[in-house]
Chemist: 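The structure under discussion is supplied below as structure tokens; questions concerning it will follow.
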Amino acid sequence: MQTSYFLRKYQWLLLFLAMSSVMTAQIVITKPQLTFSFLCQSETVNTTHDITFTVSPIGNINSGNVFSLEMSQDNFATAPVLINPIAVVQSGSQFTMTFSLPTSTFGTNHRLRVRSSSPASVSPASDPFDAYYIKHNQEIMLNTATGINNISFCSGGSITLFIFNSGTNSSPLFYPELTYVWKRKQLPNDIVVGTGASLSVNQPGEYFVETNYGVCTPSFNSRSRIVTVTDQSSSSLTITSSSGNQICEGSNVTLTGSLTGSAYTFQWYNGTEAIIGANSSTYTTTVAGNFKLVADNGTCLAESNVIVLSPITFNVSFTPSAPITLSPGQTETIVVTTSATNPVFQWFKDGNVLSETSNTLIVNETGAYTLIVNQTTGCIVSEEIEIVVQGPQINDVPNLISPNNDGSNEKWILPTSITSQVGINVKIFNASGKMVLNTDNYENNWPINESDFVDSNSVFFYIISKGDQKIKQGTITVIK
């Protein structure tokens, strides 16, 4: 009887210990690894994405365990957004989770983390990334339901460009969370001139608006056509110059307006500054500048064309082109060509006068070189040029290639200042954020084949890193 009692007591103890072991079993989920640097998703484009993570010990995962995904823009300081994974695939202790962005995703500094249900555990947060769900992806109509191409205003006034609100999802205004960027066309880069759903314009030019999808903006079509804005009064007033577009400063040049008479009051401008006392239809100047005339008839202002009076000068060029890259122990010969009459040359390095007085200079040191060329016959003028001689730079990364089998610019070639370094990693992503190249030994051979791009004009993004340090990033445009 006593032996049976102790046997039953021992069996209960073993059962209790086994249950305690199961109840206290834990797992560790590693930080999710991203297979992308940013995400751009719409209803039909780039609809799924992957992350990977590992679980240890793998044997502690209970049957019926469910993995879920959480996303946050404040590093989980507040309640995160729950994402139901599309699929979770296991390979040993590593898992690949496939998911789709919520339609409310918009902005920067997103992070992900993985949560398990049995046993309960949560991973650290992933690295931050930008992510946008593209809700509007078609032409933005301005001012009317069919859009406009041209619009004008009276000088001194303005005109308003605005996003047409159709009341449907054909207009981006259907989505109140979207923001916009207005730009004016200008070389080499367009100028940002406003934000919001409308723009007041009082300057002629070519304007357009695009939905602000951050890094995803270039890859989608939520933008307006280019609208040409003109000043309807400027065509009625023109000005001419007595000496064309050049002036030997100190000599007189007369500017004449096409409108005359007492019905007008006149004001001449040099750039944006009104010239004091210049209030007739003609003006005589002895200096260079950007001149225009404004005539006021009491109802509308007429603004003339701009005449740019440039100082009489001469051409100066040199070879090789700047900036000149000089490796240690190397010399370079700078040869200057000029159209100046009876030129005199004076060279400087870092502000110090050099002994050389010809049009040729041999350099063997980096630095800031200056050349002053004096024309000694005719209009006595001088030209000063700066020539930078530098060591190898990492900034000389090409942003345009044309793999069209013509033997020129076929591959994306990095400078030796990058490829000669140890520990350089090169990643290339397509416009959807998919990685197409990841190598620690780039051999200047991308694109490897035509499957790397599908459009005649494709934009890719690159990141060049050394260890944990990002040293260069930008875009590559592929033109076939």
Side-chain angles (χ1 to χ4, degrees), residues 186-189 191 245-251 270-271 286-290 308-401 408-409 412-422 424 444 462 464 466 469-477:
Q186 180 169 308
L187 294 176
N189 298 308
I191 299 175
N245 292 321
Q246 286 193 310
I247 182 173
C248 185
E249 291 194 303
S251 302
N270 187 349
T286 59
V287 298
N290 301 334
V308 179
L309 288 182
S310 301
I312 291 177
T313 184
F314 47 83
N315 297 324
V316 179
S317 61
F318 61 91
T319 56
S321 59
I324 297 171
T325 300
L326 194 67
S327 299
Q330 179 186 359
T331 62
E332 190 69 68
T333 301
I334 303 173
V335 179
V336 176
T337 303
T338 180
S339 61
T341 305
N342 295 327
V344 172
F345 302 92
Q346 189 172 21
W347 291 91
F348 301 82
K349 178 183 181 294
D350 299 328
N352 299 313
V353 178
L354 300 178
S355 60
E356 184 60 64
T357 57
S358 73
N359 68 322
T360 301
L361 180 68
I362 299 174
V363 296
N364 56 14
E365 294 179 328
T366 61
Y369 291 81
T370 304
L371 171 63
I372 297 177
V373 182
N374 297 288
Q375 177 171 274
T376 60
T377 301
C379 188
I380 309 301
V381 290
S382 299
E383 284 293 323
E384 180 177 315
I385 59 173
E386 301 288 338
I387 305 174
V388 176
V389 179
Q390 62 186 16
Q393 302 294 298
I394 68 167
N395 295 323
D396 300 327
V397 176
N399 60 8
L400 180 70
I401 60 173
S408 175
N409 201 26
W412 188 52
I413 306 298
L414 295 181
T416 56
S417 59
I418 292 179
T419 57
S420 63
Q421 297 185 47
V422 177
I424 292 296
N444 286 336
Y462 69 86
I464 302 173
K466 187 172 184 179
Q469 181 181 7
K470 185 185 297 180
I471 63 175
K472 187 70 176 177
Q473 66 180 8
T475 60
I476 311 166
T477 300

Chemist: Which atom names give the shortest non-hydrogen contact between P343 and A340, and what distance separates them?
Modeler: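 Residues P343 and A340, closest heavy atoms: CD-O, 3.5 Å.
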Chemist: Rounded to the nearest 0.5 Å, how far apart are CG of N342 and OG1 of T377?
Modeler: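 The OG1 atom of T377 is 3.5 Å from CG of N342, to the nearest 0.5 Å.
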Chemist: Would you say T370's side chain and F348's backbone share a donor-acceptor pair under 3.5 angstrom?
Modeler: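 Flag not set: sc T370 to bb F348 has no pair under 3.5 Å.
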Chemist: Roughly how far apart are Q473 CD and I464 CD1, rounded to 0.5 Å?
Modeler: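 So the CD of Q473 and the CD1 of I464 are separated by 10.0 Å.
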Chemist: Using every non-hydrogen atom in the two residues, find where T286 and I247 come nearest and quote the distance to one decimal.
Modeler: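 That would be C-CD1, 3.5 Å.
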Chemist: Consider only side-chain N and O atoms of Q246 and S310, and report whether a donor and an acceptor are under 3.5 Å apart.
Modeler: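 Not at all, the side chains of Q246 and S310 share no donor-acceptor pair under 3.5 Å.
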Chemist: To the nearest 0.5 angstrom, please state how far the CD1 atom of I191 sits from the CD atom of Q186.
Modeler: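 One gets 3.5 Å once the value is rounded to the nearest 0.5 Å.
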Chemist: Under the side chain to side chain contact (heavy atoms under 4.5 Å, CB included) criterion, do N444 and L414 qualify, and how do the steps go?
Modeler: CA-CA 6 Å; N444 286 336; L414 295 181; 3.7 Å; yes
Chemist: For residues T333 and T360, determine if any side-chain heavy atom of one lies less than 4.5 Å from a side-chain heavy atom of the other.
Modeler: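 The answer is yes, as the side chains (C-beta and beyond) meet within the 4.5 Å cut-off.
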Chemist: Evaluate the side-chain proximity of Y462 to V397: yes if any heavy-atom separation is below 4.5 Å, no if none is.
Modeler: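 When only atoms from C-beta onward are counted, Y462 and V397 do touch, with a gap below 4.5 Å.
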Chemist: Is a donor on one side and an acceptor on the other found under 3.5 Å between the side chain of T338 and the backbone of N315?
Modeler: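 It does hold such a pair.
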Chemist: Testing the basics here: between F314 and S339, what is the closest heavy-atom pair and its distance to 0.1 Å?
Modeler: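 Heavy atoms only, the tightest pair is CB-OG, 3.4 Å.
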Chemist: Within the distance-only criterion (no hydrogens, no angle test), does the side chain of N270 pair as donor or acceptor with the backbone N or O of N290 below 3.5 angstrom?
Modeler: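 Indeed, once roles are kept as given, a pair shorter than 3.5 Å links the two residues.
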Chemist: Could you tell me whether a side-chain N or O of D350 sits under 3.5 Å from a main-chain N or O of A368, the two making a donor and an acceptor?
Modeler: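 Checking the backbone N and O of A368 against the side chain of D350, a donor-acceptor pair under 3.5 Å is found.
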Chemist: With a 4.5 Å limit on heavy-atom distance, are the side chains of V373 and F345 in contact?
Modeler: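 Yes, at least one pair of side-chain atoms sits under 4.5 Å.
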Chemist: Which of these passes side chain to side chain contact (heavy atoms under 4.5 Å, CB included) with F318: L361, L371, I385?
Modeler: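 Running side chain to side chain contact (heavy atoms under 4.5 Å, CB included) over L361, L371, I385 with F318 returns exactly one hit, I385.
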Chemist: For the pair N359 (side chain) and V336 (backbone), establish whether a donor and an acceptor sit closer than 3.5 Å, ignoring hydrogens and angles.
Modeler: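 Checking the backbone N and O of V336 against the side chain of N359, a donor-acceptor pair under 3.5 Å is found.
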Chemist: Measure across A288 and E249 and return the closest heavy-atom pair with its distance rounded to 0.1 Å.
Modeler: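 Closest approach of A288 to E249: N-OE2, 3.0 Å.
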Chemist: Looking at side-chain heavy atoms only, is the closest gap between W347 and V363 below 4.5 Å?
Modeler: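 The answer is no; the side chains never approach within 4.5 Å.
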Chemist: Once rounded to the nearest 0.5 Å, what's the spacing between atom CD of E332 and atom CG of N364?
Modeler: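 Separation between the atoms: 11.5 Å.
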Chemist: Q375 side chain to T341 main-chain N or O, any donor-acceptor pair under 3.5 Å?
Modeler: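 Yes: the side chain of Q375 pairs with the backbone of T341.
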